[in-house]
Amino acid sequence: MTRFDANCTFLFKEFDLLERPAAAKRSGFDAIEIRWPFETATPETSEMDAIIAAVRNSGTELISLNLFAGDLDGPDCGIVSWPGRETEFRSAVSNAVALGEQVGTIMFNALYGNAIPGVEPEAQAATARENLAFASRAAEGIGATILIEPMSGPKPYPLRTASDVLSVVDDVRMAGSSNIAMLFDIFHLANNGEDVPAAIGAAAGRIGHVQIADFPGRGEPGSGELPIASFLTAIESTGYDGWVGLEYNPTGGDTEASLGWLPLGARSRKGGTMQESTVR
């Protein structure tokens, strides 16, 4: 049975961020995920308390949280691999783990970061390995996993394919950190032209989380061309039994209207199945 969670950065944008966990719960979701909701790696205690209260009061769990990624839509797109920003990254990790321990977080998504002009890729890779080892140790303290994902779009982000991501995951695992895995983002892989079924096979046993959106358009399943139901069946066949995050932009802008394809039971912790009649 597949369990779906709501990404409250993408969904329920009809509400302010602090109101979205409650909106997700009203729609039947037991679990949510969000991007880093603060402007800096070191938010004020009051800012963290507000997020914690919003999640707790909603009755949901914040199962996945993106770590601080710098200017996500600008030159950074993550700072895991950026030499000179190690202190900033590690402060963000410590704050994320402190927050996550309060709201049931079991995964932290660490965006690798764009290629830096004039910096050798191996220098960035070395920084990434050290930062990810630190993050893995910190997350292990609360039983959480560090995720690495591919990204798409025009940004110079070096992890584009499943192979790119898995090479980082394997490097860190070989160094002794077992709680690191791939975030299998179906939209980003499809947008990069990846053979998704082949990528599923390659990533078997190393998938820590799954996110979905249709392609093209990044809308809800059924709005594009991807056989998402088939992809999820294939992922489950590898032994994956974790959450599937809804990281899409509702077509038409209305979240509730965009959820017609997903039965209420599939939004709960117990899980359910997608309606094959409306989603390929």
Side-chain angles (χ1 to χ4, degrees), residues 7 9-10 33 35-36 64 66-83 85 89 107-129 131-132 135 145-174 180-219 224-228 231-232 234-235 238 240 244-249:
N7 188 307
T9 301
F10 282 72
E33 59 184 75
R35 289 178 176 172
W36 185 254
S64 182
N66 277 29
L67 297 176
F68 174 71
D71 186 348
L72 183 61
D73 297 318
D76 301 346
C77 199
I79 60 171
V80 168
S81 66
W82 281 50
R85 300 182 74 172
F89 175 76
M107 297 172 285
F108 298 99
N109 184 21
L111 293 180
Y112 190 85
N114 288 334
I116 306 170
V119 177
E120 291 294 326
E122 181 48 44
Q124 287 196 245
T127 298
R129 284 192 293 270
N131 278 337
L132 290 171
T145 297
I146 298 297
L147 303 172
I148 305 293
E149 74 167 318
M151 294 288 282
S152 60
K155 60 182 72 68
Y157 191 88
L159 307 186
R160 297 276 172 169
T161 67
S163 177
D164 293 335
V165 172
L166 292 170
S167 67
V168 175
V169 169
D170 289 345
D171 280 350
V172 180
R173 285 190 176 188
M174 287 175 61
I180 183 167
M182 179 180 182
L183 195 169
F184 198 95
D185 188 301
I186 288 175
F187 169 79
H188 283 309
L189 291 172
N191 198 27
N192 286 332
E194 181 87 277
D195 180 334
V196 176
I200 292 169
R206 291 175 286 178
I207 298 175
H209 189 40
V210 177
Q211 289 178 334
I212 61 172
D214 217 328
F215 173 84
R218 204 172 189 176
E225 302 171 355
L226 296 181
I228 291 177
F231 291 161
L232 293 181
I235 290 171
T238 71
Y240 179 77
V244 175
L246 308 183
E247 194 183 60
Y248 66 77
N249 294 307

Mind checking side-chain hydrogen bond (donor to acceptor under 3.5 Å, both in side chains) for D170 and listing every partner two or more places apart, or none if nothing turns up? R206
Partner set under salt bridge (Lys or Arg N to Asp or Glu O under 4.0 Å) for R218, not counting sequence neighbours: E247
Hey, mind stepping through I116 and W82 against side chain to side chain contact (heavy atoms under 4.5 Å, CB included) and telling me if it holds? CA-CA 8 Å; I116 306 170; W82 281 50; 3.5 Å; yes
Inter-residue atom distance I146.CD1 - L183.CG, 0.5 Å rounding: 11.5 Å
For residues 67-81, which residue pairs pass the salt bridge (charged side-chain N to carboxylate O under 4.0 Å, His left out) check, not counting sequence neighbours? D76-R85
What residues, two or more places apart in sequence or in another chain, satisfy salt bridge (Lys or Arg N to Asp or Glu O under 4.0 Å) together with D195? none
Under the side chain to side chain contact (heavy atoms under 4.5 Å, CB included) criterion, do F10 and L246 qualify, and how do the steps go? CA-CA 8 Å; F10 282 72; L246 308 183; over 6 Å; no
With sequence neighbours left out, the residues meeting side-chain hydrogen bond (donor to acceptor under 3.5 Å, both in side chains) with R129 are E122
Can you name the residues that form a side chain to side chain contact (heavy atoms under 4.5 Å, CB included) with N66, not counting sequence neighbours? R35, N109, L111
Using side-chain hydrogen bond (donor to acceptor under 3.5 Å, both in side chains) as the criterion, list what pairs up with Y248, not counting sequence neighbours. S258
Any side-chain donor near an acceptor of the partner, H209 and E33, under 3.5 Å: yes
Are the side chain of Y157 and the backbone N or O of Y112 linked by a donor-acceptor pair below 3.5 Å? yes
Can you give each donor-acceptor pair under 3.5 Å made by side-chain atoms of residues 161-169, sequence neighbours left out, with the distance rounded to 0.1 Å?
from	atom 1	to	atom 2	distance (Å)
T161	OG1	S163	N	3.3
T161	OG1	D164	N	3.0
T161	OG1	D164	OD1	3.4
T161	OG1	D164	OD2	3.2
D164	OD2	R160	N	2.9
D164	OD2	T161	N	3.0
S167	OG	D164	O	2.7

With rounding to the nearest 0.5 Å, note down the distance linking CE in M182 to CG in L159. 9.5 Å
Strictly distance-based, threshold 3.5 Å: is any side-chain N or O of D214 a donor or acceptor partner for the main-chain N or O of L226? yes
side-chain hydrogen bond (donor to acceptor under 3.5 Å, both in side chains) partners for S81, two or more places apart: Q124
Examine distances only and state if a side-chain atom of N191 and a backbone atom of F187 form a donor-acceptor pair shorter than 3.5 Å. no
Checking N131 side chain against V80 main chain: does a donor-acceptor pair fall under 3.5 Å? yes
